[in-house]
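Presented below is the structure to which this report refers.
One-based numbering, in listed order, for ligands and for the atoms of each. Residue numbers count from 1 along this sequence.
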Amino acid sequence: LYFFMILRPPSSTPLISSAASDVYKRQLSKLALVTGITGQDGSYLAEFLLYKGYQVHGLIRRSSSFNTSRIEHLYKDPHEKNVNLFLHYEDMTTLDSVYNLLDKIKPDEIYNLGAQSHVQVSFDMPTFTSNVNALGNLRILEALKSRSSNVKFYQASSSEMYGSSPAPQNEETQFRPMSPYAVSKLHAYWTTVNYRESYSLFASNGILFNHESPRRGRTFVTRKITSAIANIKAGVIDKVYLGNLESKRDWGYAPEYVEVMWQILQQNAPDDFVIGTGESRSVKEFVEFAFGYAGLDWSKHVAQDPKYFRPNEVNELCADSSKSQKKLNWAPKIRFEEIVKIMVDADLKSLGLKPIGEGREIIEANFGEWHL
Ligand code: NAP
Ligand code: GDD
C-alpha cells in the first residue's frame, strides 16, 4: 500500500475542484506554486520550501510513465493529515488551468522552473523549446497581470543567455545567445523585466550558471560522466561517448542554488541576480577529476562521438556574482571538486557499489537541516 501511495500519480480533479479549496486553508506561513517541480531544481526547491513551512503546489505534466521519482519522498496522499505538497496536472505549452489555479490556491510566490532545459535538444526541437520556455513564462505573467497580483514571481533564467560574450559575465554583460534554448530563455528574461516595469509586478530573474547534483538529468554532461563511472565500475559498460571536451562551465551545487532562488523573492524589491561560483572548468577537467577520484584511467574509457557536438557552442561561462554577494550576502560553499565527489559517490551508491566516501562528508560538513 505504501509503495502504491508514494508512486500514485496525483489526481487533478480533487485538487482543482471548488470543494478542494478547503484543503488549502492557510494554516501555513506561505504558499508557493512551482513549475518544473519534478526536475532537479524543482525537487530540491520543494524540499527546501516544505522545510521552511510553505504549502507547496507543483505542476506536473502527464506522462505514460512515472516522472515523479525526484519528489516521491515528499509526496503524501492528499487524503492524509498535514499534507503540504499538492500536485496539479498542467503543461507549460498550454497552461490551461493557470487562471483557475491562481484563483483557487492564491500563491504568495511562483517559481517558474518548468522548461525544455537541454541545450542540444533545443537545436532539434526549437519551436517546442520556445513554446515551453518563452511562451510558458508569458502565459504565467499574463495571468498575473490580469489578476493585478501581489504574487512574487521568480524566473529561472540562464547563463546560457550570455552565449559568446566573453567571461566573466555579470548582470551588465551583453547577451549573445547561441542556441534556440538561449533565445527562448532570453524571451522569458525580457518578458519578466518588461512585466515588472510595465505592470509593477514583483518579478525577478535569477541568472543561474550551471548547477549539478546527484539529481541532475543523466543526459547533462556531469551526470553522464559520473553515472558512466559507476557503470564502468559495475562492469555494465566499458566506454562513455562525449562531445566537446574543451568548453568551460561554472559548475555549482544545485541545493545551494535553490536556497538563493527563495532569497531572491524575499528581497524588498524585484531585481535580477547572477548566481555562480566564479570558477570555470573544462569538460575535460571534469572527466579527469571524476575518473581519477574513482581510481580509473579516463583515457581508457572516454571516447568522442560527433553526434554530441552542437551546431554552435558556448565556449566559456564564468560568473561574476559580486552583486549577489553584496545584496544577497550570497557565496557558494561547495566547489568544483566537492561537487564531483558528491556526484560520483551518489552514483556508485545507487548501483550498490561502495562510495569512495568523501561526498557524504562534504554534505554533512556544509549542510544540515533540510539537505542531509
Ligand atoms: P530539469 O531537471 O530539466 O527540469 C525541468 C522541469 O520542467 C521538469 O520538471 C520537467 O518535467 C518540466 N517540464 C519540461 N517541459 C514541460 C512542459 N511542457 N510542461 C510542464 N513541465 C515541463 O531542469 P533543472 O536543471 O531542474 O532546471 C530548472 C530550471 O532552471 C529550468 O528552467 C532550466 O532551464 C533553468 N536553469 C537550469 C540550470 C542548471 O544548470 N540546472 C541553469 C540555469 C537555468 P518532466 O520531469 O516531466 O520532464
Ligand atoms: N549534454 C552533453 N552531453 N554535453 C556534452 C557532452 C555530452 O555528451 N559532451 C560534451 N558536452 C559539453 C557541451 O557541449 C557543453 O559545452 C557542456 O558539455 C555542458 O553541457 P550540458 O551539461 O548539456 O549543459 P549546458 O551548459 O549546455 O546547459 C546547462 O546549463 C545551462 C546554464 O548555463 C543546462 O542545465 C541548461 O538548462 C542551463 O540553462
Checklist entry - Going by an N to O cut-off under 4.0 Å, is there a salt bridge joining K341 and E337? => result no
Checklist entry - Less than 4.0 Å between a side-chain N and a carboxylate O, is that true for R249 and E313? => result yes
Item to check | Carboxylate-amine/guanidinium proximity below 4.0 Å for D91 and R139 | outcome: no
Next on the checklist: Less than 4.0 Å is my threshold; does some heavy atom of H118 fall inside it relative to ligand 2?
Outcome noted: yes
Next on the checklist: Heavy atom to atom 23 (O) of ligand 1, shortest distance: which of A188, S184, S117, G136 holds it?
Outcome noted: S117
Item to check | Note, L87 side chain near Y75 side chain (heavy atom, < 4.5 Å) | outcome: yes
Item to check | Heteroatom proximity flag, S159 to ligand 1, N/O under 3.5 Å | outcome: no
Item to check | Short N or O distance, L113 and ligand 1, threshold 3.5 Å exclusive | outcome: yes
Checklist entry - So which protein heavy atom does atom 9 (N) of ligand 2 come closest to, and at what separation? => result G243 N, 2.8 Å
Checklist entry - Under 4.0 Å from ligand 1, counting heavy atoms only, is it the side chain of V132, its backbone, both or neither? => result side chain
Checklist entry - Do the side-chain N and O atoms of E90 and S97 include a donor-acceptor pair separated by under 3.5 angstrom? => result yes
Checklist entry - To which protein heavy atom is atom 5 (C) of ligand 2 closest, and what is the distance rounded to 0.1 Å? => result V221 CG2, 3.5 Å
Checklist entry - Would you call Y181 a ligand 2 contact, heavy-atom distance under 4.0 Å? => result yes
Item to check | Residues that T173 engages under side-chain contact (heavy atoms from CB on, under 4.5 Å), provided they are two or more places apart | outcome: Y162, S165, Q169, N170
Item to check | Ligand-residue contact atoms, ligand 2 with V119, heavy atoms, under 4.0 Å | outcome: 27 (O), 28 (O)
Next on the checklist: For atom 33 (O) of ligand 2, what's the nearest protein heavy-atom neighbour? Residue, atom name and distance, please.
Outcome noted: S159 OG, 2.6 Å
Item to check | Heteroatom distance test (T219, ligand 2): nitrogen or oxygen, under 3.5 angstrom | outcome: yes
Next on the checklist: Could you work out, for atom 8 (C) of ligand 1, the closest of T38, L45, V34 by heavy-atom distance?
Outcome noted: T38
Checklist entry - With the threshold set at 4.0 Å, does a side-chain nitrogen-carboxylate oxygen contact exist between K323 and D271? => result yes
Checklist entry - By number and element, which atoms of ligand 1 are closer than 4.0 Å to a non-hydrogen atom of S157? => result 43 (C), 44 (C)
Next on the checklist: Quick test of your reading of the model: are K300 and D238 salt-bridged, counting only N-O distances below 4.0 Å?
Outcome noted: no
Checklist entry - Do the charged groups of E142 and R147 touch, with an N to O distance under 4.0 Å? => result no
Checklist entry - In terms of side-chain geometry, is the basic nitrogen of E212 or R223 positioned less than 4.0 Å from the acidic oxygen of its partner? => result no
Item to check | Any Q120 heavy atom less than 4.0 Å from ligand 2 | outcome: no
Item to check | Passing candidate, ring-ring contact (aromatic ring centres under 6.0 Å, His included) with Y257, options Y44, F273, W330 | outcome: W330
Checklist entry - At the 4.0 Å heavy-atom cut-off, does R216 count as touching ligand 1? => result yes
Item to check | Sub-3.5 Å N/O-N/O distance, T222 and ligand 2 | outcome: no
Checklist entry - Among all protein non-hydrogen atoms, which one is nearest to atom 21 (N) of ligand 1, and what is the separation to 0.1 Å? => result M92 CG, 3.8 Å
Checklist entry - Taking both backbone and side-chain atoms of Y181, is any N or O found less than 3.5 Å from an N or O belonging to ligand 1? => result yes
Next on the checklist: Please list, in number order, the atoms of ligand 2 under 4.0 Å from a heavy atom of E313.
Outcome noted: 13 (C), 14 (O), 15 (C), 16 (O)
Checklist entry - For ligand 1, which atoms have a heavy atom of L208 less than 4.0 angstrom away? => result 42 (C), 43 (C)
Checklist entry - Nearest protein heavy-atom contact for atom 35 (O) of ligand 2: which residue, which atom, what distance? => result R216 NH2, 2.9 Å
Checklist entry - Are K145 and Y199 in a cation-pi setup, meaning NZ or CZ lies under 6.0 angstrom from the ring centre and within 45 degrees of the ring axis? => result yes
Next on the checklist: Classify the ring geometry of H371 against Y253: parallel below 30°, tilted from 30° to 60°, perpendicular beyond 60°.
Outcome noted: tilted
Checklist entry - Got L45 and Y111 here, is their nearest side-chain heavy-atom distance under 4.5 Å? => result yes
Item to check | Proximal atoms of ligand 1 relative to A156 (non-hydrogen, under 4.0 Å) | outcome: 29 (C), 30 (O), 32 (O), 35 (C)
Item to check | Closest approach of any protein heavy atom to atom 14 (C) of ligand 1, naming residue and atom | outcome: A115 O, 3.1 Å
Item to check | Distance from atom 37 (O) of ligand 2 to nearest protein heavy atom, with residue and atom | outcome: S117 O, 2.7 Å
Checklist entry - Do D108 and K152 sit within salt-bridge range, that is, some charged N less than 4.0 Å from a carboxylate O? => result no
Next on the checklist: Regarding ligand 1, does H211 bring an N or O atom to under 3.5 Å of one of the ligand's N or O atoms?
Outcome noted: yes
Checklist entry - Heavy-atom count around F309 CZ within 6.0 Å, excluding the residue itself: above 12? => result yes
Next on the checklist: Using a 4.0 Å cutoff against the non-hydrogen atoms of N67, which atoms of ligand 1 qualify?
Outcome noted: 47 (O)
Checklist entry - Any N or O on T93 sitting closer than 3.5 Å to an N or O of ligand 1? => result no
Checklist entry - Hey, does G36 come in under 3.5 Å of ligand 1, counting only N/O atoms on both sides? => result yes
Checklist entry - If we only count N/O pairs under 3.5 Å, is R249 in contact with ligand 2? => result yes
Checklist entry - Is the closest heavy atom of E160 to ligand 1 under 4.0 Å? => result no
Next on the checklist: Checking a contact table here: which protein heavy atom is nearest atom 27 (O) of ligand 1, and how many Å away?
Outcome noted: D41 OD2, 3.7 Å
Checklist entry - Is Q116 close to ligand 1, meaning an N/O of one under 3.5 Å from an N/O of the other? => result no
Item to check | Cation-pi check, K333 onto F367 ring (under 6.0 Å, within 45° of axis) | outcome: yes
Next on the checklist: Taking the cut-offs as 6.0 angstrom to the six-membered ring centre and 45 degrees off its axis, would you call K52 and W262 a cation-pi pair?
Outcome noted: yes
Checklist entry - Can you tell if the side chain of N84 reaches within under 4.5 Å of the side chain of Y54, non-hydrogen atoms only? => result no
Checklist entry - Would S43 and R215 count as having a side-chain donor-acceptor pair, cut-off 3.5 Å? => result yes
Item to check | Heavy atom of the protein closest to atom 10 (C) of ligand 2 (residue, atom name, distance) | outcome: N244 O, 3.1 Å
Checklist outcome for this item: among protein heavy atoms, the one nearest atom 24 (O) of ligand 2 is N210 ND2, 3.7 Å
Next on the checklist: Is it the case that ligand 1 has an N or O less than 3.5 angstrom from some N or O of G39?
Outcome noted: yes
Checklist entry - Can you find an N or O of N210 that's nearer than 3.5 Å to an N or O of ligand 1? => result no
Checklist outcome for this item: heavy-atom search around atom 20 (O) of ligand 2 in the protein gives R310 NH2, 3.4 Å
Checklist outcome for this item: Looking only at non-hydrogen atoms, the one of R249, K185, R215 nearest atom 32 (O) of ligand 1 is K185
Item to check | Heavy-atom nearest neighbour of atom 18 (N) of ligand 1 within options T94, D250, D91, N131 | outcome: D91
Item to check | Polar atom proximity, R61 to ligand 1 (N or O, under 3.5 Å) | outcome: yes
Checklist entry - Charged N to carboxylate O below 4.0 Å: is that the case for R281 and E279? => result yes
Item to check | Protein residue, atom and distance nearest to atom 2 (O) of ligand 1, heavy-atom basis | outcome: Q40 N, 3.0 Å
Checklist entry - Under 3.5 Å, is there a donor-acceptor pair between the E316 and S247 side chains? => result no
